[in-house]
Amino acid sequence: MQKYLVRRFILALVTLLCVSLIIFIMSRVSGDPRHIYLDDYSTQEDWDRMGEVLGLDKPYYEQYGIFIKGAVRGDFGKSVREARPVTDVVIERAPATLLLGAVAFSFSILIGVPLGILSAVKRGTMMDNFGKFIALIGQSAPPFWLGIMLMFFFAVKLGMVPPYGKQDWNSIILPAVTLGWYYAAANLRLVRSAMLDVLDSEYIKLARAKGVNSRTIIMKHAFRNALIPPLTFAGVTIGALVTGSLVVETVFAWPGLGRLAIEALFAFDYPLLQGVVITFTLLYVTAAFIVDVLYAYVDPRIRYA
Amino acid sequence: MVTADTRIDTEVVLSVDDLRTHFTTRWGTVKAVDGISFDLRRGETLGIVGESGCGKSVTMLSLMRLIPIPPGKIVSGSIVLDGEDIVPISEQEMAKIRGSKIALIIQDPMTSLNPVFSIGDQVEEAIKIHQDIPKRSITDRALEVLRKVNIPAAESRVKDYPHQMSGGMRQRVVGAIGISCQPQVLIADEPTTSLDVTIQAQYLKLLKDIQKESDLSIIFITHDFGIVAKMCDRVAVMYAGRIVEHGSVRDIFNNPSHPYTEALLASVPRMDRVVDRLYSIEGQPPPLHDLPVGCAFANRCPVVMDKCIETYPEIKAVSDGHTAACWKVE
Ligand SMILES: Nc1ncnc2c1ncn2[C@@H]1O[C@H](COP(=O)(O)OP(=O)(O)O)[C@@H](O)[C@H]1O
Ligand code: SF4
Ligand SMILES: [Mg+2]
């Protein structure tokens with residue numbers, strides 16, 4: 001178990017390091033950052049002085065070292081647009097994204113897992129068809145379209161919730177549902193097919209032969225095994241949550257990191273964009289690590305590998 | 001009806017009469033088990049043999065009331081276990097009987113244990129369901145049965161998960177679960193097919209020992225006549241969902257009366273006979289959704305007659321306690 005967790009932790013660190021390297025290379029490839037900071041009226045002197053301040057006169061490996069050293073201390077430089085530290089801006093926006101991600105994730109689990117189980121247990125019935133319908137929408141409707149449709153019906157037509165922004169407590173419902181639906185659909189399908197396999201297995205037959213009742217068969221023997229595939233694919237689906245947040249936060253004007261990333265992109269605010277991308281990576285890596293811990297908890301074959 | 005009994009003196013614990021289990025499929029009604037009858041007495045072992053697909057496992061599932069409904073259904077017949085017909089009873093009542101009066105050992109030791117629960121949990125579960133005893137006694141009882149099936153260092157292995165054990169060990173655990181609540185009947189569906197020869201022999205000996213100790217009745221499903229000779233008192237030979245010959249092991253080996261039994265026996269390699277190749281029976285059994293009106297073996301039978309194709313042969317007595325369903329028997 002410990003060995004497994006240490007391995008996963010190292011993998012998480014390596015992921016972070018790789019992403020930082022990619023960001024660093026991209027920032028250097030995309031041109032001299034002084035073009036962003038300085039305007040047409042700057043002198044050669046300003047140009048050189050800025051180079052020294054930013055460390056651009058040093059060799060690349062040293063520059064990367066400085067970048068990493070700053071990043072570890074939470075220093076990603078200053079945002080061009082907002083003229084204040086990137087970290088401050090990111091910290092301001094992060095809670096909204098974390099809240100949205102957590103609600104969307106909970107929605108996807110609370111909808112996807114029980115529906116997946118019901119669809120498998122009541123295979124071929126109305127329930128199963130309903131599950132298929134939910135899954136179909138989640139997997140085929142693009143989030144921006146789904147978001148606009150939901151906004152149109154529930155906010156504009158019915159006036160049940162605010163159409164955009166982060167105002168009342170119920171502002172989060174539409175963006176969370178939009179963001180979580182894809183993941184809910186993925187969970188539903190994974191749990192359903194895993195459940196069908198498991199219910200057909202020899203160990204379920206043996207458990208029934210022991211006299212275990214149908215309820216316990218489903219809730220104890222089958223459920224735990226049916227959780228394994230969704231956990232295996234969680235890395236991919238959590239990634240989808242991150243990319244989805246860019247679209248969803250933009251559609252619903254949700255003041256989080258996803259929208260911040262888009263704003264930074266259009267403002268050519270590279271330091272801010274870097275900070276947001278690193279933060280997203282950190283969030284992703286942390287979530288994936290938590291999933292790995294859960295995975296090991298559920299499946300002893302991982303724990304005692 | 002004529003039944004084949006060799007141990008008339010002992011009590012019948014399981015009596016199956018005219019059991020029919022059919023499946024509704026898109027090809028039609030699959031008559032996987034179609035009118036089988038037999039009695040099982042206390043302490044005896046009945047072998048059920050036959051080629052793959054002849055309905056052995058469906059028989060086992062019917063006796064456990066574990067047929068998937070739909071597509072399957074026990075359409076008629078009775079299964080009297082310990083004086084009670086278990087065909088009409090409710091699922092809840094049946095759950096109380098499974099594991100306590102009638103237990104199961106299934107084929108594949110690699111997949112018959114739940115990968116996410118420890119060995120101890122899985123053995124204790126059966127005991128917990130059927131015996132109203134304190135937690136400590138449940139643990140003790142689980143250890144006791146694990147020792148009974150010769151799991152070395154049982155007290156430390158209870159914490160292990162199935163993937164940490166060898167195939168032979170897992171099959172012993174499955175055996176331990178089977179006997180944990182002292183059932184009257186144990187059904188073993190090809191329990192040693194995937195084990196290697198030495199481990200298989202050990203396992204069979206273990207089953208025999210346990211049986212002697214507790215006067216257990218065993219139904220041993222196999223397609224291996226070698227195992228039948230070692231393990232069984234009586235044999236029922238199944239073909240296309242029916243029992244075509246039934247008798248003591250000696251009757252079946254010395255005086256096989258159904259051409260199918262003869263063919264099966266001819267396919268067994270024996271020490272006293274040199275066989276160039278494993279004899280296998282020519283042809284295929286008829287599809288179970290489209291059985292002929294006459295004898296189901298007619299298309300493969302070396303001594304087929306006109307009568308065989310026209311009418312199904314009723315079960316007839318060959319000798320006392322030995323029956324066969326063949327027109328050849330007069
Ligand atoms: N769930 C099912 N649905 C349809 N047909 C089935 C099902 N289970 C078993 N059968 C049919 O019953 C027949 C007997 O199968 P089985 O009892 O497993 O044979 P075996 O003697 O090899 O154990 C097979 O021909 C199979 O097609
Ligand atoms: S009834 Fe006829 S076809 Fe069937 S086994 Fe006997 S002899 Fe052969
Ligand atoms: Mg079988």
Side-chain angles (χ1 to χ4, degrees), chain A residues 1 3-4 113 117 120-128 190-191 194-232 291-305, chain B residues 57 60-61 63-68 70-71 91-119 121-131 159-164 170 173-178 180-181 183 186-187 189:
Chain A
M1 177 76 167
K3 236 166 61 194
Y4 165 79
V113 174
I117 292 174
V121 173
K122 308 232 176 267
R123 178 188 192 175
T125 63
M126 279 299 285
M127 187 64 234
D128 193 12
L190 286 167
V191 169
M195 199 74 185
L196 284 177
D197 285 349
V198 170
L199 286 176
D200 208 29
S201 69
E202 291 291 291
Y203 59 81
I204 292 297
K205 201 187 281 170
L206 192 73
R208 294 188 63 196
K210 285 198 286 193
V212 181
N213 64 42
S214 315
R215 229 187 104 93
T216 314
I217 289 281
I218 292 166
M219 296 317 289
K220 181 182 165 194
H221 287 263
F223 178 66
R224 190 127 168 217
N225 281 286
L227 279 184
I228 292 171
L231 285 172
T232 316
V291 167
D292 283 339
V293 174
L294 280 178
Y295 192 4
Y297 173 75
V298 169
D299 191 347
R301 285 163 295 189
I302 300 293
R303 229 179 305 154
Y304 297 97
Chain B
S57 294
M60 170 278 281
L61 290 173
L63 298 182
M64 297 296 300
R65 281 270 311 269
L66 287 176
I67 295 289
E91 172 58 31
Q92 282 92 323
E93 284 173 283
M94 190 61 216
K96 285 189 209 128
I97 291 174
R98 286 187 203 118
S100 66
K101 286 187 182 175
I102 185 165
L104 183 63
I105 299 177
I106 40 185
Q107 186 166 356
D108 187 357
M110 296 327 239
T111 56
S112 48
L113 292 171
N114 194 326
V116 303
F117 295 109
S118 71
I119 299 305
D121 279 350
Q122 298 191 53
V123 180
E124 284 177 19
E125 187 175 32
I127 304 168
K128 216 177 290 172
I129 292 169
H130 298 296
Q131 295 177 1
K159 290 187 215 78
D160 280 4
Y161 288 88
H163 75 276
Q164 294 167 299
R170 289 189 213 188
V173 173
V174 173
I177 293 172
S180 62
C181 299
L186 182 69
I187 309 176
D189 189 357

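Below, chains carry the letters A, B, ... as their sequence lines are ordered, and counting in each starts from 1.
The candidate with the highest count of non-hydrogen atom pairs below 4.5 Å against chain A, out of B/Met94, B/Arg65, B/Gln122, is B/Gln122. Each of B/Ile187, B/Asn114, B/Thr111 has some count of heavy-atom pairs under 4.5 Å with chain A, and the biggest count is that of B/Asn114.
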Legend entry - Candidate pair B/Lys128 and A/Lys210, rule side chain to side chain contact (heavy atoms under 4.5 Å, CB included), full reasoning: CA-CA 10 Å; B/Lys128 216 177 290 172; A/Lys210 285 198 286 193; over 6 Å; no
Next item on the list: Start with the C-alpha gap between B/Ile105 and A/Leu206, add the side-chain angles, then the distance that decides, and say whether side chain to side chain contact (heavy atoms under 4.5 Å, CB included) holds.
Entry: CA-CA 8 Å; B/Ile105 299 177; A/Leu206 192 73; over 6 Å; no
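The minimum heavy-atom distance linking A/Gly211 with B/His130 is given by the pair CA-NE2, 4.0 Å. Of all heavy-atom pairs spanning A/Pro300 and B/His163, the tightest one is O-CE1, 3.4 Å.
Only the side chain of B/Ile129 comes within less than 4.5 Å of a heavy atom in chain A; its backbone stays farther off. Residue contact with chain B, scored on non-hydrogen atoms closer than 4.5 Å, involves the backbone and the side chain of A/Val212 alike. Using a 4.5 Å cut-off between heavy atoms, A/Ile204 does not touch chain B at all. Proximity to chain A is limited to the side chain of B/Gln164, based on heavy atoms less than 4.5 angstrom apart. Only the side chain of B/Leu61 comes within contact range of chain A, with heavy atoms under 4.5 Å apart.
A/Lys205 places no side-chain N or O within donor-acceptor distance of the main-chain N or O of B/Ile106, the cut-off being under 3.5 Å.
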